[in-house]
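Everything numeric here is computed off the predicted structure, so don't read it as measured data. All heavy atoms count here, side chains included; hydrogens, waters and symmetry mates do not.
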2 protein chains.
Amino acid sequence: MAHHNNGMTRDEKALMQALSRAISVVPRVLDADLQRDQQLPLTDYFALTYLSEAEGQRLRINEVATRLSMTISGATRTVNRLEALELVARERSASDGRGADVVLTEVGLKRLKEAWPSHRDSARRRVLDRLDANELAVLTKALNSIGAEPDDFDSADCPPQS
Amino acid sequence: MAHHNNGMTRDEKALMQALSRAISVVPRVLDADLQRDQQLPLTDYFALTYLSEAEGQRLRINEVATRLSMTISGATRTVNRLEALELVARERSASDGRGADVVLTEVGLKRLKEAWPSHRDSARRRVLDRLDANELAVLTKALNSIGAEPDDFDSADCPPQS
DNA sequence: GTGTTATAGTTGCCCAGTCAAGTAAATTCT
DNA sequence: AGAATTTACTTGACTGGGCAACTATAACAC
């Protein structure tokens, strides 16, 4: 009877449970908040954010994909959505005609600025306010360790950008 | 230039980034490992686990949904999948004929036992081995705080079950 | 008991994102 | 230079899961 717990301690099990729960809940609530307040999906919001932070407000599709931790094809579709809303534009790269740069438009920047306070408050309510300073530090470090790609994937979180 | 960072500190931003990254990466790699080694989706594996831990190896659909942090309709579909593989069976509840109990079958239990070592190793490699004891403790607590349902959702992790 | 409301699931429709195959430009080989 | 390979996407087919509408049983009002 019972489960013998072969080599996973109580604490480890508790962590895995907490982790899977957080993994389901957090993106859902953050996305729901943003959709409700700004009619903007969280993914699209993040894409706009990364573009706004990039020099020249532009990124290649594959850079968008990397930052969103998404496949390139997923990023293509995300960019399609944003392009349809005219929040970004595709520009054929001068240096490499195979793919396009994704450029943040004026409208896109405006939209991002509108959405930002809402997301910030949401992140506070749902996450940041629930942590003390120590937890924040430890959590960041720990999540970075486990989020780093393992071995069969290449990590590249913040390429050196000029 | 620069973004003025209206009320979100550098550290807070770093946390949110680490969090969104982990949220994308962790379930993907755990699921990929399990699919590769056991041809079993992570969600289905969790469902089997929760059933195996339940008394009588049975749960109502809504309990499955709660444990998986999923909607009832999502749980219905998960159970459909498992039922098609004969890993679980639906049994009309004697006490409440509106819905069925989901019962783990012999085959289902066997399958779970086969899959378990693989998932355990995967969890170790991808998560547990990357944390020290302190991080484990803090992370568990922190994730439980942020995974707890907020205000517009009712939390119910372990309803008192007879 | 009959009518009303609440509860438990199921189903149709949709959307985001993955994978595999396809296209087109760039690079390397010779 | 021309062929072969690699790179950078794009696209078609599919899957998982969400929402809203629906069905069926249960519980409550009378």
Side-chain angles (χ1 to χ4, degrees), chain A residues 20 23-25 27-36 39-47 58-85 88 90-102 152-154 156, chain B residues 20 23-25 27-32 34-36 39-47 58-85 88-103 152-154 156 159:
Chain A
S20 35
I23 278 172
S24 315
V25 168
R28 197 158 56 235
V29 298
L30 293 181
D31 187 68
D33 285 348
L34 198 59
Q35 294 259 23
R36 176 169 35 68
Q39 295 74 54
L40 191 64
L42 191 60
T43 300
D44 296 18
Y45 173 82
F46 279 140
R58 76 180 50 217
L59 291 170
R60 305 294 298 250
I61 295 271
N62 67 70
E63 294 173 320
V64 176
T66 302
R67 284 167 175 69
L68 294 176
S69 313
M70 198 183 259
T71 60
I72 293 179
S73 91
T76 293
R77 297 183 203 280
T78 299
V79 169
N80 288 346
R81 256 168 3 240
L82 292 170
E83 196 178 29
L85 296 170
V88 307
R90 275 188 174 83
E91 263 179 37
R92 207 144 210 238
S93 167
S95 54
D96 182 344
R98 276 170 301 186
D101 283 7
V102 184
D152 52 80
F153 209 101
D154 57 332
Chain B
S20 33
I23 277 172
S24 315
V25 168
R28 200 161 49 238
V29 298
L30 293 181
D31 187 68
L34 198 59
Q35 294 258 23
R36 176 169 36 67
Q39 294 75 54
L40 191 64
L42 191 60
T43 299
D44 296 18
Y45 173 83
F46 279 140
R58 74 181 50 218
L59 291 171
R60 304 295 298 251
I61 295 271
N62 66 70
E63 295 173 320
V64 175
T66 302
R67 284 167 175 69
L68 295 176
S69 313
M70 198 183 258
T71 60
I72 293 180
S73 93
T76 293
R77 297 180 204 280
T78 299
V79 169
N80 288 346
R81 271 186 328 260
L82 293 170
E83 196 179 28
L85 297 169
V88 306
R90 275 188 174 84
E91 264 180 34
R92 207 144 210 240
S93 167
S95 55
D96 181 344
R98 276 170 299 187
D101 283 6
V102 184
V103 194
D152 53 81
F153 207 101
D154 56 331

To the nearest Å, give me how far apart [atom1] ([X]) and [atom2] ([N]) are.
{"X": "B/N80", "N": "D/dT15", "atom1": "CG", "atom2": "P", "answer": "15 Å"}
{"X": "A/D31", "N": "C/dG17", "atom1": "CG", "atom2": "P", "answer": "9 Å"}
{"X": "B/R90", "N": "C/dT11", "atom1": "CZ", "atom2": "C1'", "answer": "12 Å"}
{"X": "A/R28", "N": "D/dG16", "atom1": "CZ", "atom2": "P", "answer": "17 Å"}
{"X": "A/R77", "N": "D/dC9", "atom1": "CZ", "atom2": "P", "answer": "15 Å"}
{"X": "A/I61", "N": "D/dT7", "atom1": "CD1", "atom2": "P", "answer": "18 Å"}
{"X": "B/Q35", "N": "C/dC19", "atom1": "CD", "atom2": "P", "answer": "10 Å"}
{"X": "B/I72", "N": "C/dT11", "atom1": "CD1", "atom2": "C1'", "answer": "14 Å"}

Does a side-chain N or O of [X] approach OP1 or OP2 of [N] to a distance below 4.0 Å, or not?
{"X": "B/T71", "N": "D/dG18", "value": "yes"}
{"X": "A/R81", "N": "C/dC15", "value": "no"}
{"X": "B/S73", "N": "C/dT11", "value": "no"}
{"X": "B/R60", "N": "C/dG9", "value": "yes"}
{"X": "B/N62", "N": "C/dG9", "value": "yes"}

* Determine the contact category for A/A100: base if any of its heavy atoms lies under 4.0 Å from a base atom, sugar-phosphate if only primed atoms, P, OP1 or OP2 are that close, otherwise nothing. =>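 Sugar-phosphate contact only - A/A100 comes under 4.0 Å of backbone atoms but never of a base.
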* How is A/G74 classified with respect to the nucleic acid when contacts are heavy atoms under 4.0 Å: base, sugar-phosphate, or nothing? -> base
Would you say that [X] contacts [Y] through its side chain, given a criterion of any heavy-atom pair below 4.5 Å between the two side chains?
{"X": "B/R98", "Y": "B/S93", "result": "no"}
{"X": "A/E63", "Y": "A/V102", "result": "no"}
{"X": "A/T43", "Y": "A/R81", "result": "yes"}
{"X": "B/V64", "Y": "B/M70", "result": "no"}
{"X": "A/L30", "Y": "A/L34", "result": "no"}

* Asked: Salt bridge check: are B/D101 and B/R90 linked by an N-O gap of less than 4.0 Å?
  ->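 B/R90 and B/D101: not salt-bridged.
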Tabulate atom names and distances for all N/O pairs under 3.5 angstrom spanning the protein and nucleotides 22-26 of chain D.
residue, atom, partner, partner atom, Å
D/dT25, OP1, B/R92, NH2, 3.3
D/dA26, OP1, B/G97, N, 2.9

* Residues which pass side-chain contact (heavy atoms from CB on, under 4.5 Å) with B/P41, listed by chain and number, not counting sequence neighbours -> B/D31, B/Q35, B/D44
